[in-house]
Number of protein chains: 2
Amino acid sequence: MARLPLYLRALTALSERSVPTVSSEELAGAAGVNSAKLRKDFSYLGSYGTRGVGYDVEYLVYQISRELGLTQDWPVVIVGIGNLGAALANYGGFASRGFRVAALIDADPGMTGRPVAGIAVQYIDELETIIEDNGVSIGVIATPAGAAQQVCDRLVEAGVTSILNFAPTVLSVPEGVDVRKVDLSIELQILAFHEQRKAGEASPPAAPASIPSGPGAPAGAVVRGRDDAEVRAEARAGRDGDPGDDLPAVMPA
Amino acid sequence: MARLPLYLRALTALSERSVPTVSSEELAGAAGVNSAKLRKDFSYLGSYGTRGVGYDVEYLVYQISRELGLTQDWPVVIVGIGNLGAALANYGGFASRGFRVAALIDADPGMTGRPVAGIAVQYIDELETIIEDNGVSIGVIATPAGAAQQVCDRLVEAGVTSILNFAPTVLSVPEGVDVRKVDLSIELQILAFHEQRKAGEASPPAAPASIPSGPGAPAGAVVRGRDDAEVRAEARAGRDGDPGDDLPAVMPA
DNA sequence: ATGTCTTTGTGAACGCGTGCACAAAGATAC
DNA sequence: GTATCTTTGTGCACGCGTTCACAAAGACAT
């Protein structure tokens with residue numbers, strides 16, 4: 001149930017405004033979901049609302065917090081204190097809600113000892129010790145892509161069973177270890193995809209003079225500089241051309 | 001098809017190693033998906049592989065790039081240059097792959113003119129002008145939660161039709177505008193949820209002496225400090241108690 | 001106490017994405 | 001030219017999540 005945190009946030013807001021009860025309809029609106037879905041979620045959870053009235057806000061907040069395991073606090077380590085790692089360390093969302101940054105770890109010796117968000121960065125050799133001493137079971141990877149799998153392996157080996165991965169790599173982990181991925185470029189690419197579709201459907205008059213696009217090709221494709229067949233033929237021709245700079249808009253990593 | 005970026009990344013890696021072709025099986029392995037799924041995805045895309053051989057790497061890279069709209073470059077603006085916004089501006093994943101940071105915008109006048117990642121931060125009054133002058137259609141919101149909806153409205157009004165939201169809020173947007181959300185606390189909470197379930201199932205002997213948990217309650221619930229009925233009763237009693245400090249592990253925002 | 005009204009909880013249908021399994025297609029060797 | 005072998009493309013069935021719609025349940029007014 002990935003929606004529980006959403007409900008919790010909406011409920012907390014209501015709680016602060018001292019609203020005693022909410023109907024499934026209201027809460028669903030605030031969380032941006034269907035009301036029937038919300039009711040079903042709560043019924044799976046075992047929570048009981050009151051028919052004719054709604055759900056008791058405080059009670060639900062407590063129930064969901066408990067279900068999510070937020071009544072205990074979870075020590076987390078952040079590995080890779082670059083731009084992103086530092087931002088994460090400073091991010092308030094970590095500190096609150098039962099999550100405590102137990103340590104910041106970096107592979108650059110120059111970082112060691114430097115305080116980030118009030119916590120001294122530790123060298124990566126200490127990783128295993130830190131995990132074990134603090135009973136850390138959640139690790140955050142904010143390293144470059146190349147180091148991610150390696151760090152992941154060490155975390156898992158040391159006892160971490162949940163990983164939040166910000167590096168643009170697919171991590172392979174043993175059974176029983178959970179990985180969640182946050183990938184900025186992928187999100188952007190998905191947006192670009194939809195954006196292109198919108199542009200293609202909306203403004204056929206905006207099509208610039210170019211190579212005639214084949215039938216079935218989306219209208220957004222007119223921006224491309226080369227014909228499909230051309231590229232395909234070249235690619236098939238034994239790859240004599242220099243691979244890498246013949247596809248301009250494609251990134252290096 | 002949210003998997004295309006994943007494929008693209010794997011394919012690009014292969015391309016750099018000058019691998020001419022891949023089978024669906026290999027590529028699926030690298031992307032961490034089922035091979036049948038991958039083949040079906042590609043067939044929807046209209047791409048043709050060669051039976052008995054596999055897919056041509058270069059051709060696929062080009063096709064997917066085109067499908068995702070990566071053959072043109074997309075100017076994006078980042079609004080809210082705090083820790084996270086600055087990290088995003090510095091993040092390499094933006095600059096490459098057809099995305100160009102057109103502007104950094106912040107509501108703090110003290111930030112105006114300060115260079116972040118080589119780009120001078122602009123004051124939020126310029127938002128509309130920037131969007132229109134640069135033809136920006138993708139906006140990134142990295143503001144505090146309170147300002148997010150407001151910024152969102154201005155972005156949309158100015159012509160942005162795709163938004164990547166890092167603020168912990170549900171944004172409401174008109175039809176036709178795409179929003180993707182990246183929420184760190186939610187990711188962590190989901191991990192904690194699974195973590196708790198694992199702990200509950202795995203180590204029943206580890207249950208500390210506590211209030212007897214009711215039947216059907218997950219074992220992880222033993223960590224809680226108060227009984228269900230107790231909280232429920234109190235919550236129902238007209239909310240005489242101080243709301244907010246009686247639920248220890250629950251966060252303020 | 002009774003009736004009405006609101007809102008929950010859930011049975012059932014729908015749709016979609018996933019994965020299996022196999023036939024068609026092309027390459028490669030002989 | 002024929003046979004074999006690899007790998008794609010896809011028909012089909014399964015399972016899950018979503019949504020509709022309605023009956024049961026409780027509150028509230030009379």
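Within every chain, numbering begins at 1; the chains are lettered A, B, ... in the order of the sequence lines, protein sequences first and strands thereafter.
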When you check the gap from the basic side-chain N to the acidic O, do Lys198(A) and Glu195(A) get nearer than 4.0 Å?
yes
Rounded to whole Å, how long is the line connecting atom CD of Glu25(B) with atom P of dG9(D)?
14 Å
Can you check the Tyr44(B) OH to dT10(D) C1' distance for me, whole Å?
9 Å
Starting at CG of Leu38(B) and ending at P of dG17(C), how long is that distance when rounded to a whole Å?
16 Å
Rounding to 0.5 Å, atoms CH2 (Trp74(B)) and CD (Gln189(A)) come to a distance of 12.5 Å
Base dA27(C) to side chain Arg51(B), donor-acceptor N/O within 3.5 Å cut-off:
no
With a 4.0 Å cutoff (strictly under), does any side-chain N or O of Asn34(A) reach OP1 or OP2 of dG17(D)?
no
Which nucleotide in dT19(D), dT8(D), dA27(D) has an atom nearest any side-chain atom of Ala36(A)
dT19(D)
Starting at atom NZ of Lys37(B), determine the distance to atom C1' of dA21(C), rounded to an integer number of angstrom.
17 Å
Counting only side-chain heavy atoms from C-beta out, which of dG9(C), dT8(D), dG26(C) sits nearest to Arg39(B)?
dT8(D)
Compare the minimum distances between each of dA27(C), dT10(D), dC20(D) and the side chain of Val53(B), then state the nucleotide with the smallest one.
dA27(C)
Here the gap from Thr21(B) atom OG1 to Glu58(B) atom CD, rounded to the nearest 0.5 Å, amounts to 11.5 Å
Expressed in angstrom and rounded to an integer, what is the separation of Phe42(B) atom CZ from dT10(D) atom C1'?
16 Å
Among dT8(C), dT18(C), dT18(D), which nucleotide has an atom closest to any side-chain atom of Tyr55(A)?
dT8(C)
Polar side-chain contact Lys40(B)-dT18(C) base: donor and acceptor under 3.5 Å
no
Just the rounded figure in Å: distance from C1' of dT7(C) to CG of Asp56(A).
15 Å
Does OP1 or OP2 of dT8(C) have a side-chain N or O of Ser24(A) closer than 4.0 Å?
yes
CE of Met1(A) versus C1' of dG17(D): gap in Å, rounded?
9 Å
Using whole Å, what does the distance between atom P of nucleotide dA25(D) and atom OH of Tyr48(A) come to?
13 Å
Could you tell me whether Asp178(A) and Arg197(B) have a side-chain N and a carboxylate O separated by less than 4.0 Å?
no
Separation of Phe166(B) CZ from Asp183(B) CG (nearest 0.5 Å):
10.5 Å
